[in-house]
Undergrad: 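Take a look at the following structure, please.
As a basis for the values below, the full set of heavy atoms in this structure was taken, side chains included, without hydrogen atoms, waters or symmetry mates. The shown structure was predicted, so the numbers you read here are calculated from the model rather than taken from an experiment. Sequence lines set the chain letters: A, B, ... in the order given, protein chains first and strands last, and positions in each chain run from 1.
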Amino acid sequence: MSISISLPDGSVRDFDSPITGFELASDIGLGLAKAAIAIEVNGQLSDISRVIDSDCEVKIITRKDEQALELIRHDAAHVMAQAVQELYPGTQVTIGPAIENGFYYDFAREEPFVPDDLEKIEVKMAEIVMADKPFFREVWDRAKALQTFRDMGEVYKAELIEALSDEEAISIYRQGDWFDLCRGPHLPSTGHVGKAFKLLKLAGAYWRGDSKNKMLQRIYGTAWRDPKELRNYLNQLEEAEKRDHRRLGREMDLFHFQEEAPGAVFWHHKGWALFRQLVDYMRARQEDAGYAEISTPAVMDRSLWETSGHWETFREHMYTTKTEDDRVFALKPMNCPGGIQVFRQGITSYKDLPKRIAEFGKVNRYEPSGALHGLMRVREFTQDDAHIFCTEEQIDEECRTVIDLIIDIYRDFGFEDVKIKFSDRPEKRIGSDLVWDRLEQALKGALEEIGRPFTLNPGEGAFYGPKLEFVLRDAIGRDWQCGTLQVDMSLPERFGAYYIGQNGQRQSPVMLHRALFGSLERFCGILIENYAGRLPLWLSPVQVVVCTITDAANDYAREVFKNLYDAGIRAETDIRNEKINYKVREHSQAKVPVLLVVGAKEIEKRTVAMRRLGGKSQEVLALSEALDTLKIECLSPLSAN
RNA sequence: GCCGCCGUAGCUCAGGGGUAGAGCGCACCCUUGGUAAGGGUGAGGUCCACAGUUCAAAUCUGUGCGGCGGCACCA
């Protein structure tokens with residue numbers, strides 16, 4: 001019997017009998033054998049001790065490889081579990097995978113862990129790592145495994161074993177006296193975890209991710225190849241914290257929240273300036289794209305929500321109010337029912353379709369308290385909503401136009417990386433399966449025609465129709481869901497909306513629901529974080545501050561300001577009795593993109609000293625020249641097109 | 001909603017069973033200074049709310065509200 005193993009460099013090695021990964025590495029070189037921590041067999045990561053008994057492609061994994069991180073993290077989870085069980089006897093282990101940037105382990109224990117426990121656990125983990133116990137893999141008989149874990153009182157592990165299919169091997173990994181049910185693979189020994197790990201936070205997590213189940217205690221940690229990488233990562237976390245829109249919102253005087261209005265934004269003048277910019281921009285884009293803007297009531301009678309189906313499918317998220325005369329009203333959680341009422345006025349001919357009706361609608365949704373998060377998840381927000389009423393034949397083109405518009409608009413805000421998710425029928429839905437078939441087909445068809453890649457999100461559609469979601473990636477690699485496009489035949493029918501077809505008969509239109517920013521509030525949050533507060537000039541709440549060197553320049557500063565104001569630039573003057581250093585520092589920290597400094601020299605020559613945010617130096621320009629430059633730079637991308 | 005942590009000056013935070021603290025900010029005064037903090041003086045607090053324990057509660061206990069980190073949710 002001979003086995004031939006091909007290596008990544010293209011070479012092939014033949015062996016007379018099965019060999020382990022370690023033996024293979026030794027055969028290649030002693031240095032490699034020393035560095036080897038795992039192998040990849042036909043692309044599948046595996047223990048270094050694994051026996052190779054057939055022809056295959058093998059890659060020896062060392063600490064330098066990307067896969068090493070996954071192993072280190074997974075092993076760190078095991079080491080943590082052992083540490084926890086040694087420190088807190090009676091604690092049950094459940095699952096503990098490697099995740100992006102780290103790992104976690106879920107434990108079942110009556111008493112809660114407290115933050116101080118993390119330090120103790122870390123110390124114990126370090127001991128286990130120092131002990132450098134080898135990981136041994138064992139395959140157990142199902143009955144034995146079940147019995148063993150049950151005897152140990154590990155009911156969650158027993159449940160996991162029961163859930164494993166018959167053909168799946170029940171593997172156990174042992175590290176010293178401690179062992180765990182685990183699919184593997186693992187590093188050669190606990191020592192390989194190294195020192196670059198840190199426990200980060202405690203959290204609750206439902207068993208198997210289901211809120212009907214018991215809540216477990218999760219401990220999150222991070223682990224890296226070496227302390228330098230760890231430090232790097234921790235710095236990254238700090239940096240991310242600095243661009244947190246909630247912190248910047250306060251520092252830049254954009255908005256605030258307070259107890260009496262949980263999940264609702266108090267927009268300050270500067271934040272509102274940003275918000276208004278977004279609305280102005282979108283309004284112009286939509287007008288160009290043939291939309292007509294409307295506005296509909298915030299509070300409407302219950303009967304309308306019963307007709308729309310919201311009362312049935314969405315009620316727990318709706319704010320309602322009962323009036324003196326015993327009528328029940330609801331605060332709108334969506335704009336679509338209102339939009340349909342406008343469409344229903346008068347008689348629409350097929351010649352009038354498509355009708356694109358837009359609304360910057362403020363909606364209120366009673367979100368679970370734990371979901372609230374700054375501007376990103378609120379209970380009251382504004383959608384750049386629109387409803388396109390069209391014929392079934394027009395779905396395709398309208399969808400394609402919307403998709404193009406979204407992509408184009410995101411680009412104007414600096415987001416190039418946009419992903420699309422396609423969601424089909426959910427369990428809780430209205431409308432017949434036949435209609436769902438047609439709508440899903442139509443939406444998917446439009447997407448395919450455009451030729452943009454998309455991923456499938458089964459069962460995640462809206463209750464009235466399938467949808468697309470547009471996910472953009474920000475400057476530090478986080479994904480945000482913003483735009484959405486939904487196809488709907490149910491609501492128009494429910495409300496008896498119709499148009500007169502070519503044959504003179506009433507027809508029910510198709511309704512496309514779409515939002516591009518999604519929530520204006522959230523989009524503001526995303527922009528703030530994406531730019532770390534340094535918004536592009538056209539979006540900046542304060543574009544220019546005119547700073548004086550001494551109060552002899554006050555009049556000139558006012559004149560410069562007047563010029564800026566007349567040019568439509570959002571400007572302020574700073575004529576306080578402070579040194580220029582102080583003013584520069586303060587406005588720089590407030591992320592003002594342009595400072596114009598004026599003193600005696602500038603007055604005399606009618607110039608300004610322009611300093612840009614982040615710049616080290618300044619440029620002295622004639623006032624008129626500075627105005628011309630700024631006028632152009634402050635324009636929104638709209639005018640540039 | 002669930003688990004854990006937290007709530008003290010405008011902000012960031014220290015303290016802690018018996019007159020409430022710092023830095024920054026703010027006000028006033030001095031200073032008119034050329035590109036990331038000039039100096040001095042001063043004002044500012046129902047220590048989240050309610051209940052309980054106690055001679056005495058900002059401090060301990062409970063409940064509520066809110067925030068933070070996760071989980072679940074995001075139609």
Undergrad: Using a cut-off of 4.0 Å on non-hydrogen atoms, how would the nucleic acid contact of A:Gln481 be classed: base, sugar-phosphate, or nothing?
TA: nothing
Undergrad: Nearest 0.5 Å please: distance from the OH atom of A:Tyr206 over to the OG atom of A:Ser211.
TA: 5.5 Å
Undergrad: Using Watson-Crick or G-U wobble geometry with both distances below 3.5 Å, tell me the partner of B:rC5, or none.
TA: B:rG67
Undergrad: With hydrogens left out and only the distance checked, is there a donor-acceptor pair under 3.5 Å joining A:Arg208's side chain and the base of B:rA72?
TA: no
Undergrad: Please classify the nucleic acid contact of A:Lys601 as base, sugar-phosphate, or nothing, using heavy-atom distances under 4.0 Å.
TA: base
Undergrad: Using the C1' atoms only, state how far B:rC47 lies from B:rA14, rounded to an integer number of Å.
TA: 13 Å
Undergrad: So what does A:Arg218 touch, heavy atoms closer than 4.0 Å: a base, only the sugar-phosphate, or nothing?
TA: sugar-phosphate
Undergrad: Can you tell me if A:Lys362 has over 12 outside heavy atoms packed within less than 6.0 Å of its NZ?
TA: no
Undergrad: Less than 3.5 Å between a donor and an acceptor, one on the side chain of A:Asp551 and one on the base of B:rU32, is that the case here?
TA: yes
Undergrad: P atom, B:rC5 versus B:rU63: distance in rounded Å?
TA: 13 Å
Undergrad: What nitrogen or oxygen pairs link the protein and nucleotides 1-3 of chain B at under 3.5 Å?
TA:
residue: B:rG1; atom: OP2; partner: A:Ser369; partner atom: OG; Å: 2.4
residue: B:rG1; atom: N7; partner: A:Gly370; partner atom: N; Å: 3.0
residue: B:rG1; atom: N2; partner: A:Tyr206; partner atom: OH; Å: 2.5
residue: B:rC2; atom: O4'; partner: A:Tyr206; partner atom: OH; Å: 3.4
residue: B:rC3; atom: O2; partner: A:Gly204; partner atom: N; Å: 3.2

Undergrad: Considering only the C1' atoms, how many Å lie between B:rU8 and B:rA49, rounded to the nearest integer?
TA: 15 Å
Undergrad: Applying salt bridge (Lys or Arg N to Asp or Glu O under 4.0 Å), can you list everything that pairs with A:Arg365, at least two apart in sequence or on another chain?
TA: none
Undergrad: Which part of the nucleic acid, if any, lies within contact of A:Lys467, taking any heavy atom under 4.0 Å across all strands shown: a base, the sugar-phosphate backbone alone, or nothing?
TA: sugar-phosphate
Undergrad: Check each residue of residues 421-429 of chain A for a non-hydrogen atom within less than 4.0 Å of any atom in RNA chain B, then write out the ones that pass by number, or none.
TA: none
Undergrad: Between B:rC5, B:rA37, B:rG70, spot the one nearest the side chain of A:Pro115, thanks.
TA: B:rC5
Undergrad: Atom CG of A:Leu200 and atom CZ of A:Phe103: how far apart are they, to the nearest 0.5 Å?
TA: 8.0 Å
Undergrad: Contact class for A:Glu312 (heavy atom, under 4.0 Å): base, sugar-phosphate, or nothing?
TA: nothing
Undergrad: So what does A:Arg109 hit on the nucleic acid, given a heavy-atom distance under 4.0 Å: a base, only sugar-phosphate, or nothing?
TA: nothing
Undergrad: Write down the distance separating the P atoms in B:rA9 and B:rC2, rounded off to the nearest Å.
TA: 28 Å
Undergrad: List, one per line, each side-chain donor-acceptor pair under 3.5 Å for residues 509-519 of chain A, sequence neighbours excluded.
TA:
residue: A:His513; atom: NE2; partner: A:Asp488; partner atom: OD2; Å: 2.8
residue: A:Arg514; atom: NH1; partner: A:Gln286; partner atom: OE1; Å: 3.3
residue: A:Arg514; atom: NH1; partner: A:Tyr291; partner atom: OH; Å: 3.2
residue: A:Arg514; atom: NH2; partner: A:Gln286; partner atom: OE1; Å: 2.6
residue: A:Arg514; atom: NH2; partner: A:Asp384; partner atom: O; Å: 2.9
residue: A:Ser519; atom: OG; partner: A:Glu521; partner atom: N; Å: 3.3
residue: A:Ser519; atom: OG; partner: A:Arg522; partner atom: N; Å: 3.0

Undergrad: Touch check for A:Tyr220, heavy atoms < 4.0 angstrom, all strands: base, sugar-phosphate only, or nothing?
TA: sugar-phosphate
Undergrad: With rounding to whole Å, what would you report as the distance between B:rC28 and B:rA43 at their C1' atoms?
TA: 10 Å
Undergrad: Using nucleotides 7-11 of chain B, report all nitrogen or oxygen pairs with the protein that are shorter than 3.5 Å.
TA:
residue: B:rC11; atom: O3'; partner: A:Arg250; partner atom: NH1; Å: 3.4

Undergrad: Assess, by modelled atom type and distance only, whether the side chains of A:Asn554 and A:Arg558 contain a donor and an acceptor separated by less than 3.5 Å.
TA: no
Undergrad: If a pair satisfies salt bridge (Lys or Arg N to Asp or Glu O under 4.0 Å) and one of its residues is in residues 92-111 of chain A, list it, with sequence neighbours excluded.
TA: A:Asp106-A:Arg218, A:Arg109-A:Glu111, A:Glu110-A:Lys214
Undergrad: For atom P, what is the distance between B:rU54 and B:rA72, given to the nearest Å?
TA: 45 Å
Undergrad: Checking base pairs now: Watson-Crick or wobble, both atom distances under 3.5 Å. What partners B:rC24?
TA: B:rG10
Undergrad: Does a side-chain N-to-carboxylate-O contact under 4.0 Å join A:Glu122 and A:Lys120?
TA: no
Undergrad: Can you find a heavy atom in the side chain of A:Leu596 that is under 4.5 Å from one in the side chain of A:Leu623?
TA: no
Undergrad: Taking C-beta and beyond as the side chain, do A:Glu312 and A:Trp305 meet within less than 4.5 Å on heavy atoms?
TA: no
Undergrad: With a 3.5 angstrom cut-off on both distances, give the Watson-Crick or G-U wobble partner of B:rA43, or none if there isn't one.
TA: none
Undergrad: How would you label the contact of A:His373 with the nucleic acid (heavy atoms, under 4.0 Å): base, sugar-phosphate, or nothing?
TA: sugar-phosphate
Undergrad: Given the C1' atoms of B:rA22 and B:rG44, what is the spacing between them in whole Å?
TA: 14 Å
Undergrad: What's the closest nucleotide to the side chain of A:Tyr582 if the choices are B:rG66, B:rU35, B:rG38?
TA: B:rG38
Undergrad: Salt bridge (charged side-chain N to carboxylate O under 4.0 Å, His left out), that's the test. Do A:Glu239 and A:Arg243 meet it? Break it down for me.
TA: CA-CA 7 Å; A:Glu239 284 307 308; A:Arg243 59 166 77 207; over 6 Å; no
Undergrad: NA contact type, A:Ala600, heavy-atom cut-off 4.0 Å: base, sugar-phosphate, or nothing?
TA: base
Undergrad: What contact category does A:Ser588 fall into here, base, sugar-phosphate, or nothing, at under 4.0 angstrom with non-hydrogen atoms?
TA: base
Undergrad: To the closest 0.5 Å, what do you measure between SG (A:Cys482) and CZ (A:Phe523)?
TA: 5.5 Å
Undergrad: Tell me whether the side-chain N or O atoms of A:Arg377 pair up with the base of B:rC73 as donor and acceptor below 3.5 Å, since no angle test is needed here.
TA: yes
Undergrad: Which whole number of Å gives the distance between the P atom of B:rC26 and that of B:rC68?
TA: 27 Å
